[in-house]
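This report refers to the structure that appears directly beneath it.
These numbers come from the heavy atoms of this one structure, side chains and all, not from hydrogens, waters or symmetry mates. Note that the coordinates shown come from a computational prediction; the quantities given were computed from them, not determined experimentally. Numbering starts at 1 and runs along the sequence shown.
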Amino acid sequence: MADIPLLLEPEQLADMFPLNDVLIIDQSKLENFVQGHIPGAIHLDFKRLQRPGTPVPGLLPDAEELEAVFSELGLTPDTHVICSDDEGGGWAGRLIWVLDSIGHTQYSYLNGGIVAWREAGLPQETGEHATVPSSYRISAINTDFSMTKDEVLARIGDDDFAIWDARSAAEYTGEKAISKRGGHIPGAVNYEWTRGMDKARGLRIQDLNEFRQLLADMGIDDSKQIATHCQTHHRSGFTYLVAKILGYDVRGYAGSWSEWGNDENTPIVTGPQPN
């Protein structure tokens with residue numbers, strides 16, 4: 001199905017039914033999904049898109065593991081994926097980052113996910129939905145959408161580089177430390193992820209023109225390559241998504257603070273960001 005926008009409103013999706021070559025992947029909490037979901041949507045546990053058994057849980061699983069997941073879901077090279085969740089875009093945005101990384105660029109984000117869908121009074125199904133398995137193959141992981149710790153280190157201070165920290169202000173300043181050390185990457189700017197969601201409109205993304213200006217005032221714009229992170233590249237799934245919608249050159253730093261803050265050799269800064 002062609003010409004589906006990256007940012008898809010619930011009413012637009014409802015008007016597209018019946019769907020052909022479209023897969024709605026919902027990463028809501030399972031109990032929420034079972035209680036009611038978009039007709040035909042399939043559930044995906046977010047843990048399946050994280051590398052198992054690592055102290056840095058935000059990393060991408062290997063290609064074989066991802067092939068197994070997406071084959072189970074029924075993904076094919078011709079499928080357009082609609083990404084949804086129940087939290088305003090964190091897990092859905094991370095899914096889009098994963099799809100970018102495996103070279104599957106046919107996707108959309110359902111603005112506001114199931115929260116906006118329900119508030120619009122659109123039809124729902126209950127229970128779990130059976131999948132039609134496929135044999136999805138990944139030729140290679142595309143690293144153009146990611147940055148490693150060493151790559152971030154090498155770019156700190158560059159005029160054409162920005163770091164978008166999606167964590168809370170307390171984590172950014174170092175007041176709250178989840179890793180061994182608290183604080184932030186030198187030069188990083190902080191905009192906590194949920195501030196970008198409009199709670200009065202079903203967790204849809206805030207007005208894009210206002211968002212663009214706000215980010216520009218922080219030093220994040222289309223003249224720079226942007227690395228975005230949080231603690232485990234979950235919250236920064238949302239900021240990755242927003243940056244893509246705005247047309248920015250964005251990369252996910254999947255190691256995030258779970259890697260940076262636990263490495264005694266990485267530089268950190270504490271305290272609030274400059275005005």
Would you call R51 and P57 a side-chain contact if the rule is heavy atoms closer than 4.5 Å?
-> no
Are W91 and L6 joined in one hydrophobic group, where the rule is that I, L, V, M, F, W and Y side chains link up if heavy atoms are under 4.5 Å apart?
-> no
Note: S179 and S258 closest approach over all heavy atoms is OG-CA, 3.6 Å
Look only at the side chain of E210 and the backbone of D207, and say whether a donor-acceptor pair between them is shorter than 3.5 Å.
-> no
Calculate, to the nearest 0.5 Å, the distance between atoms NE2 and CG belonging to H104 and L66 respectively.
-> 13.0 Å
Are W97 and L59 in one and the same hydrophobic cluster, where Ile, Leu, Val, Met, Phe, Trp and Tyr link if side-chain heavy atoms are under 4.5 Å apart?
-> no
Heavy atoms of other groups near D217 CG, more than 12 under 6.0 Å | yes
Is I178 close to E171 at the side-chain level, that is, under 4.5 Å between some pair of heavy atoms?
-> yes
Should L208 and L7 be marked as a side chain to side chain contact (heavy atoms under 4.5 Å, CB included) after you check the CA-CA gap, both sets of side-chain angles, and the distance that decides it?
-> CA-CA 11 Å; L208 291 177; L7 184 61; 4.0 Å; yes
Option among K149, M147, R155 that satisfies the side-chain contact (heavy atoms from CB on, under 4.5 Å) test with E151 | M147
Consider only side-chain N and O atoms of T228 and S236, and report whether a donor and an acceptor are under 3.5 Å apart.
-> no
Pair D86 + K29: basic N to acidic O under 4.0 Å | yes
For T76 and D78, what are the C-alpha separation, side-chain angles and deciding distance, and is it a side chain to side chain donor-acceptor pair (under 3.5 Å)?
-> CA-CA 5 Å; T76 75; D78 298 323; 5.0 Å; no
Examine distances only and state if a side-chain atom of K180 and a backbone atom of E264 form a donor-acceptor pair shorter than 3.5 Å.
-> no
Minimum heavy-atom distance between V189 and Q273, given as atom pair plus value = CA-OE1, 3.2 Å
With no hydrogens and no angle check, is any side-chain donor or acceptor of D158 less than 3.5 Å from a backbone partner on D160?
-> no
Does a donor on one side chain and an acceptor on the other come within less than 3.5 Å for S28 and D26?
-> yes
Is there side-chain contact between S101 and S146, with heavy atoms separated by less than 4.5 Å?
-> yes
Side chain proximity check, T79 to D21, heavy atoms < 4.5 angstrom | no
Electrostatic pair K244:D100 at N-O distance under 4.0 angstrom | yes
Evaluate the side chain to side chain donor-acceptor pair (under 3.5 Å) criterion for residues N209 and Q213: first the C-alpha distance (whole Å), next the side-chain angles of each, then the deciding distance (0.1 Å), finally the verdict.
-> CA-CA 6 Å; N209 289 328; Q213 185 58 56; over 6 Å; no
Do L30 and L95 share a hydrophobic cluster (ILVMFWY, side-chain heavy atoms under 4.5 Å, transitive)?
-> no
Are I220 and F145 co-members of a hydrophobic cluster defined by side-chain heavy atoms under 4.5 Å apart?
-> yes
Could I get the full list of side-chain contact (heavy atoms from CB on, under 4.5 Å) partners for V69, not counting sequence neighbours?
-> L44, R48, L49, L73
Is there side-chain contact between T270 and T173, with at least one heavy-atom pair below 4.5 Å?
-> no
Q225 (side chain) donor-acceptor with A162 (main chain) under 3.5 angstrom | no
Test side-chain contact (heavy atoms from CB on, under 4.5 Å) applied to R204 - qualifying residues, sequence neighbours left out = E9, P10, E11, N111, A116, R201
CD of Q231 to CH2 of W260: how many Å apart, nearest 0.5 Å?
-> 14.0 Å
Please collect all ring pair (Phe, Tyr, Trp, His ring centres under 6.0 Å) contacts where either partner lies in residues 177-212, sequence neighbours excluded, each pair once.
-> Y172-H184, Y191-F211, W193-H234
Counting distance only, does the side-chain N/O of R118 pair as donor-acceptor with the main-chain N or O of G36 below 3.5 Å?
-> yes
From OH (Y136) to CG (L75), nearest 0.5 Å = 5.0 Å
Does the side chain of S71 reach to within under 4.5 Å of the side chain of P133, using non-hydrogen atoms?
-> no
Could you walk me through whether L19 and L13 pass side chain to side chain contact (heavy atoms under 4.5 Å, CB included), step by step?
-> CA-CA 9 Å; L19 302 174; L13 177 57; 4.3 Å; yes
Side-chain heavy atoms of L203 within contact of D198, under 4.5 Å = no
CD (E175) with more than 12 external heavy atoms under 6.0 Å | no
Minimum heavy-atom separation for F161 to V152, with atom names?
-> CE2-O, 4.3 Å
Rounded to the nearest 0.5 Å, the CD atom of Q50 sits from the OG1 atom of T232 at a distance of 6.0 Å
Residue pair I102 / I141, side-chain heavy-atom distance below 4.5 Å = yes
Would T194 and R235 satisfy side chain to side chain donor-acceptor pair (under 3.5 Å), going step by step from the backbone distance to the final call?
-> CA-CA 8 Å; T194 62; R235 291 172 283 179; over 6 Å; no
Run the side chain to side chain contact (heavy atoms under 4.5 Å, CB included) check on Y109 and I96 step by step: do they pass?
-> CA-CA 8 Å; Y109 169 60; I96 283 176; 4.0 Å; yes
If Ile, Leu, Val, Met, Phe, Trp and Tyr residues are connected whenever their side-chain heavy atoms lie under 4.5 Å apart, and connections chain through other members, are I268 and I163 in the same group?
-> yes
Audit row: L122, I38, side chain to side chain contact (heavy atoms under 4.5 Å, CB included) steps and yes/no | CA-CA 8 Å; L122 296 169; I38 301 164; over 6 Å; no
Are side-chain N/O atoms of H80 and S108 paired as donor and acceptor at under 3.5 Å?
-> yes
What are the two closest non-hydrogen atoms of P39 and F17, and how far apart are they?
-> O-CE2, 3.5 Å
Got a second to check how far H233's NE2 is from Y240's OH, nearest 0.5 Å?
-> 7.0 Å
Does a donor on one side chain and an acceptor on the other come within less than 3.5 Å for T266 and R181?
-> yes
Shortest non-hydrogen pair, D165 vs N190, comes out as O-ND2, 3.0 Å
Please name the pair of heavy atoms, one in E259 and one in V56, separated by the smallest distance, quoted to 0.1 Å.
-> CB-CG1, 3.9 Å
Once you round to the nearest 0.5 Å, how far does CZ of F46 lie from CG of D85?
-> 11.0 Å
